Amino acid sequence: MTAKALMIQGTASDVGKSMICTAFCRIFSDDGLKVVPFKSQNMALNSFVTIDGGEIGRAQGVQAEAARVIATTDMNPILLKPKQDMVSEVIVHGKHFMDMSATSYRNNFVEQAMPIVEQSIHKLQNEYDLIVLEGAGSPAEINLKDRDIANMRMAHATDAAVILVADIERGGMFASIIGTLALLDDSERARVKGIIINKFRGMRELLDDGVEWLEKETGIPVLGIIPYIDINIEAEDSLALSSLRFKKPKQDEFEIDIAMIRLPRISNFTDVDPFFDEPEVGVRLVRNIKELGNPDLLIIPGTKNTIEDLQWLKDEGFETVIHKLVEKGTRIFGICGGFQMLGHSLQDPHAVEGDGGNAVGLSLLPVTTIFNKVKKTVQMTGKVSVDVFEKDMELTGYEIHLGKTVIENENCSPFLALSDGRNDGAVTKNGQIIGTYFHGIFNNREFTRKIVNELRFKKGLDPIDQKVKTDAERREAAYQLLADHVRQNIDLEKVYRMLQTTI
């Protein structure tokens, strides 16, 4: 039996498609269906590593967990990771395929991708009751429609009922819906069975006249109006970096101040999300040295192009300021590309990141990184190797990196002893400078609480002693909260009726 299909498309990027898909995955799972997420082609710098070491969009990893299924590369067979202007790494079924310019991808690869995508779709259709598809951007991009394999072509291929999501918070919501529908051809528009208005704030009754007009004008029912909800579910789109979660804190608003540098090609920025859950901790995203100030902890995150972002860091004056912070005793934590930047030397003999060559790092850790052509993508566990943290504390995480980093001398030690016999990262003897390849390291909540309490001790503050929930407990609560929130604000009966009809 071929699975039913529901597709969530949007009037634009960042209207909430991923969150709505996540909610539906959990709702349908709660209702007893075997449901699976799918996005044919995803462009994202926040990625997820499957159990077998494949790399997919982070949203599909999250949605799979919400659906209570194990994530596989069939759920996102094509992933694009921008690494230079107009150049992206193309990942096919979780593995590096090649770096490709936007023009080359559009002209030469898109049609080759369709058999790959169709193979994944057919596999999922045979294994599940329902596929929840996520579109990309807007289905009405006239200049892209002939090569768009992520929106209406997927809806046709799966005979999907389409729900169009619009973001009322950004303004122009009615125009965005009417304009999107006007730019679809007749067969595409016929697939749109419902509209969801997302991120609503204010008095619901003030929108009633507009909804009545919209339904009359389009002949398409508004299935629900979803009130804005600030919920801690990982984002994948860099547009989410401008969210209120990062706009709220100022240095004097919280007892502990954490800053993360917004690198031009920042990746897996959700690594810092767990700090938002810590009491009296503020997290700031800084774009320039004027914003940096004097944080208690500075995080240099991952990046898709370490050497170029390292040069940007230097050009913007961060190098000098970071060294001054180190002299003051500020703790520095580098993750993946940020770890590589903390070293003495970065060598790219095979030009895997761009033009190749060597670069001098920030020289805060005595390590050297040599980039190679084979990307390491793996879920991993390890134990803390040093006494400055709780030695032998077990941590879980995932690696996504090119290159190997080697410790040069005894002025620092490996940070983790991994379960496969390797060592990971480096840490100075006093624990002030730490580098690791472990993405998701702060999702180890006991470890994160220990870091926060050490920062509090340094400032003469009492430790936080309230119970720490595990990351799995927090994620499960977030999925259920989101699902319940959406369920309460949509006409789910109409959604189920949509799934019983085809074009």
Side-chain angles (χ1 to χ4, degrees), residues 230-232 234 243-261 269-286 291-301 321-322 324-335 338 364 382-397 412-413 415-416 425 427-436 438 440-478 481:
D230 185 8
I231 193 166
N232 191 8
E234 292 179 325
S243 71
L244 292 175
R245 294 176 70 81
F246 282 102
K247 288 182 178 178
K248 286 188 295 185
K250 295 180 181 178
Q251 284 181 268
D252 58 355
E253 286 183 329
F254 295 91
E255 293 174 335
I256 298 299
D257 174 37
I258 296 175
M260 180 174 74
I261 298 175
F269 55 82
T270 53
D271 281 337
V272 299
D273 277 7
F275 283 112
F276 287 109
D277 296 327
E278 289 295 310
E280 288 301 321
V281 171
V283 185
R284 298 181 293 118
L285 192 67
V286 297
E291 296 176 347
L292 185 53
N294 293 287
D296 300 301
L297 172 65
L298 175 64
I299 296 172
I300 306 178
V321 176
I322 290 172
K324 289 180 179 178
L325 288 176
V326 171
E327 291 172 4
K328 294 178 182 179
T330 301
R331 173 163 280 167
I332 312 294
F333 208 116
I335 303 175
L364 293 174
K383 292 184 177 181
V384 176
S385 300
V386 289
D387 290 324
V388 289
F389 294 96
E390 186 175 328
K391 191 172 183 180
D392 292 332
M393 177 185 284
E394 188 167 290
L395 305 180
T396 62
C412 73
S413 304
F415 179 50
L416 299 174
V427 55
T428 54
K429 298 299 184 183
N430 62 359
Q432 183 184 3
I433 314 296
I434 309 137
T436 180
F438 254 42
I441 189 165
F442 300 125
N443 291 96
N444 297 277
R445 301 294 179 136
E446 293 283 357
F447 174 76
T448 300
R449 175 63 57 82
K450 185 171 181 62
I451 289 177
V452 170
N453 277 339
E454 286 185 350
L455 296 174
R456 293 179 66 84
F457 176 79
K458 186 177 178 182
K459 298 181 78 170
L461 299 170
D462 292 333
I464 299 166
D465 56 8
Q466 68 188 57
K467 184 179 183 297
V468 179
K469 289 184 179 180
T470 68
D471 200 59
E473 290 172 335
R474 291 176 184 273
R475 293 198 310 272
E476 176 63 23
L481 177 62

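Since the model is a prediction, treat every value here as computed from it, not as a measurement. Residue numbers count from 1 along this sequence. No hydrogens, no waters, no symmetry mates; every other heavy atom, side chains included, goes into these values.
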Reported [atom1]-to-[atom2] distance for the pair [X] and [Y], which is rounded to 0.5 angstrom:
| X | Y | atom1 | atom2 | result |
| --- | --- | --- | --- | --- |
| Asp257 | Asp296 | CG | CG | 6.0 Å |
| Leu461 | Leu455 | CG | CG | 10.0 Å |
| Ile433 | Thr330 | CD1 | OG1 | 9.0 Å |
| Ile434 | Ile441 | CD1 | CD1 | 8.5 Å |
| Ile258 | Phe276 | CD1 | CZ | 9.5 Å |

Residues that [X] engages under side-chain hydrogen bond (donor to acceptor under 3.5 Å, both in side chains), provided they are two or more places apart:
| X | answer |
| --- | --- |
| Glu454 | Arg331 |
| Asn430 | Thr428 |
| Arg475 | Glu65, Asp471 |
| Ser413 | Lys429 |

Measure the shortest side-chain to side-chain distance between [X] and [Y] over non-hydrogen atoms and say whether it is less than 4.5 angstrom.
| X | Y | value |
| --- | --- | --- |
| Glu280 | Arg456 | yes |
| Arg445 | Arg474 | yes |
| Ile322 | Ile261 | yes |
| Leu325 | Pro295 | yes |

Those residues at least two apart in sequence (or on a different chain) that pass ring-ring contact (aromatic ring centres under 6.0 Å, His included) with Phe442 are Phe275, Phe333

Sorted by chain and number, sequence neighbours left out, side-chain contact (heavy atoms from CB on, under 4.5 Å) with Val384 holds for Val386, Phe389, Met393, Leu395, Leu416

Q. When you measure from the side chain of Glu446 to the backbone N and O of Val468, does any donor-acceptor pair fall under 3.5 Å?
A. no

